[in-house]
2 protein chains.
Amino acid sequence: MSTPERLIESTRELLWERGYVGTSPKAIQEHAGAGQGSMYHHFKGKPDLALAAIRRTAEEMRATAEGVLSSPGSPYERIEAYLRRERDVLRGCPVGRLTMDPDVIASDELRAPVDETIDWLRERLAGIVEEGKEQGQFAPTLDAEEIAATILATVQGGYVLARASGSPAAFDTGVRGLLALLSPLR
Amino acid sequence: MSTPERLIESTRELLWERGYVGTSPKAIQEHAGAGQGSMYHHFKGKPDLALAAIRRTAEEMRATAEGVLSSPGSPYERIEAYLRRERDVLRGCPVGRLTMDPDVIASDELRAPVDETIDWLRERLAGIVEEGKEQGQFAPTLDAEEIAATILATVQGGYVLARASGSPAAFDTGVRGLLALLSPLR
DNA sequence: GTCTATAATTAGATAGAC
DNA sequence: GTCTATCTAATTATAGAC
């Protein structure tokens with residue numbers, strides 16, 4: 001892997017684990033096996049490198065979600081597949097965790113990829129819920145945008161519950177509750 | 001206010017805004033108007049002070065939640081009151097945000113108050129859902145523990161959506177979706 | 001109890017040799 | 001492109017005077 005590549009990938013991992021505030025250029029350099037001069041040659045500084053890392057993480061998450069959401073099956077089944085998809089629950093969401101970072105939120109540039117990804121996901125889910133309403137799988141009284149926000153919030157909040165308790169179980173419990181509420185059988 | 005008090009209150013505010021990793025002893029001292037020597041006289045160091053701050057924040061959150069959840073009304077109404085209670089949405093949850101802090105999660109002592117508070121809240125909500133099932137307000141097929149986890153996750157995740165978009169609206173949208181799914185009328 | 005002095009380490013970056 | 005040297009400020013303390 002090229003040096004810029006290693007720097008970006010290292011930044012992605014450290015951002016996921018320690019957030020922006022908790023990630024120092026030195027730590028990135030050590031993790032990437034690159035010198036200081038090398039880092040500042042390829043990137044303007046920490047924000048520049050973080051932006052590249054965040055953009056890539058956001059892109060990847062979107063691709064993963066699209067893969068699950070566009071799979072065959074009924075709207076309910078696709079939402080279930082998204083909710084039950086394998087996740088590294090205790091590591092948290094690599095995109096969502098950035099919203100708790102004061103420096104990311106303070107920068108419009110760094111926040112943009114986060115905002116866009118979550119917004120895209122919400123719209124994508126809303127479309128599927130709408131489909132489900134048309135097919136009679138979901139009650140016509142439900143608001144697709146609202147349900148989409150609830151689904152996303154349950155996932156993002158599930159990470160919080162799991163990390164608080166130190167076990168992925170809490171995530172799954174919350175997901176099962178939501179699926180029960182959404183279930184077309186009830 | 002006494003110096004230790006001011007130090008604890010300052011730490012609480014900074015932890016809420018910048019997290020543990022992003023909060024320096026110096027920032028705490030400046031915010032509290034206390035000198036360095038003063039801080040190290042009253043507390044062993046940053047972790048000791050943070051523990052006092054986190055414990056108090058957890059206690060306060062529990063008291064606030066109990067106030068809303070023990071108010072008169074049906075189970076659904078009390079859950080609705082909890083979900084709709086006034087919040088400083090864009091600041092995030094002062095307890096939940098700590099779960100994204102690597103140093104808090106790495107320390108059993110610092111994580112304990114967070115874990116206990118969230119766990120207590122989940123049990124408290126589960127009891128109310130159970131009540132609702134007994135009264136026929138919620139379907140008997142629902143699992144109270146699961147629904148409680150979903151409610152808490154929706155709240156915690158709502159903060160994430162709101163901070164990503166920079167607007168409290170996303171929080172409210174997710175809450176409305178959940179209330180629609182829980183509604184005894186549907 | 002509070003203050004100042006001191007100190008080892010890191011953060012975040014620039015300059016310039018190679 | 002990568003490296004080392006250098007720099008300013010901040011971090012997280014400890015020591016000891018007042």
Side-chain angles (χ1 to χ4, degrees), chain A residues 1-56 97-98 100-111, chain B residues 1-56 97-98 100-111:
Chain A
M1 226 193 312
S2 71
T3 299
E5 268 311 300
R6 284 200 325 275
L7 284 165
I8 292 178
E9 287 304 312
S10 295
T11 305
R12 296 217 299 147
E13 290 203 20
L14 290 170
L15 283 183
W16 193 359
E17 203 180 307
R18 305 205 33 95
Y20 183 88
V21 167
T23 299
S24 68
K26 192 186 187 184
I28 294 171
Q29 291 151 24
E30 279 169 0
H31 192 281
Q36 227 164 3
S38 194
M39 180 189 130
Y40 283 102
H41 173 76
H42 293 289
F43 298 94
K44 283 200 285 282
K46 179 176 165 178
D48 187 37
L49 181 46
L51 183 58
I54 292 174
R55 279 190 177 142
R56 184 172 298 180
R97 74 112 54 236
L98 296 171
M100 292 304 145
D101 226 298
D103 290 3
V104 171
I105 292 306
S107 154
D108 284 339
E109 251 200 317
L110 292 180
R111 188 172 58 83
Chain B
M1 226 191 313
S2 71
T3 299
E5 269 308 301
R6 284 200 326 275
L7 284 165
I8 292 178
E9 287 304 313
S10 295
T11 305
R12 297 216 301 146
E13 290 202 20
L14 290 170
L15 283 183
W16 193 359
E17 203 180 306
R18 306 205 32 96
Y20 182 88
V21 167
T23 298
S24 68
K26 192 185 187 184
I28 294 171
Q29 291 150 24
E30 279 169 0
H31 193 281
Q36 229 164 5
S38 192
M39 181 190 127
Y40 284 101
H41 173 76
H42 292 288
F43 298 93
K44 283 200 285 283
K46 179 177 165 178
D48 186 37
L49 181 46
L51 183 58
I54 292 174
R55 279 190 177 142
R56 184 172 299 180
R97 76 112 53 236
L98 296 171
M100 292 304 144
D101 227 297
D103 289 3
V104 171
I105 293 305
S107 155
D108 283 340
E109 251 200 317
L110 292 180
R111 189 171 58 81

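Residue numbers start from 1 in every chain, and the chains themselves are labelled A, B, ... in the order their sequence lines are given, proteins ahead of strands.
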Side-chain donor-acceptor pairs under 3.5 Å in residues 101-111 of chain B, sequence neighbours left out?
from	atom 1	to	atom 2	distance (Å)
D101(B)	OD1	V21(B)	N	3.1
D101(B)	OD2	Y20(B)	N	2.7
D103(B)	OD1	R18(A)	NH1	3.2
S107(B)	OG	E109(B)	N	3.3
S107(B)	OG	L110(B)	N	3.0
R111(B)	NH1	A164(A)	O	2.9

Only distances under 3.5 Å count here; give the side-chain donor-acceptor pairs of residues 26-43 of chain B to other protein atoms, sequence neighbours excluded, each with its distance to 0.1 Å.
from	atom 1	to	atom 2	distance (Å)
Q29(B)	NE2	P25(B)	O	3.3
H31(B)	ND1	S10(B)	OG	2.9

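Distance L49(B) CG to dA13(D) P: 11 Å, rounded to the nearest Å. The CZ atom of F43(A) sits 15 Å away from the C1' atom of dT2(D) (whole-angstrom rounding). To the nearest angstrom, C1' of dG1(C) lies 15 Å from CD of Q29(B).
Summarising the geometry, atom CG belonging to L98(A) is positioned 5.0 Å from atom CD1 belonging to I54(A); distances are rounded to the nearest 0.5 Å. Rounding to the nearest 0.5 Å gives a distance of 8.0 Å between OG of S24(B) and CG of L14(B).
Each of dG1(D), dG1(C), dA11(C) was ranked by its minimum atom distance to the side chain of S24(A); first place goes to dA11(C).
Residues that satisfy the side-chain contact (heavy atoms from CB on, under 4.5 Å) test with R12(B), not counting sequence neighbours, are I8(B), E9(B), A53(B), R56(B), T57(B), E60(B).
Between V21(A) and G35(B), the residue anchored nearer the 5' end of DNA chain C, judged by the nucleotide with its closest heavy atom, is G35(B).
The stretch residues 2-18 of chain A has no heavy atom under 4.0 Å from DNA chain C, so no residue of it qualifies as close.
Close to dT2(D), at under 4.0 Å from its OP1 or OP2, lies a side-chain N or O of H42(A).
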task = Treat primed atoms plus P, OP1 and OP2 as sugar-phosphate and everything else as base, then score nucleotides 13-18 of chain C 5' to 3': B for base contact with protein heavy atoms under 4.0 Å, S for sugar-phosphate contact only, - for none.
result = BB----
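Sequence neighbours left out, not one pair with a member in residues 46-55 of chain A passes side-chain hydrogen bond (donor to acceptor under 3.5 Å, both in side chains).
Each end of the helix from dG1(C)-dC18(D) to dC18(C)-dG1(D) yields a helix axis from five base pairs, and these two axes differ in direction by 0° (to the nearest 10 degrees).
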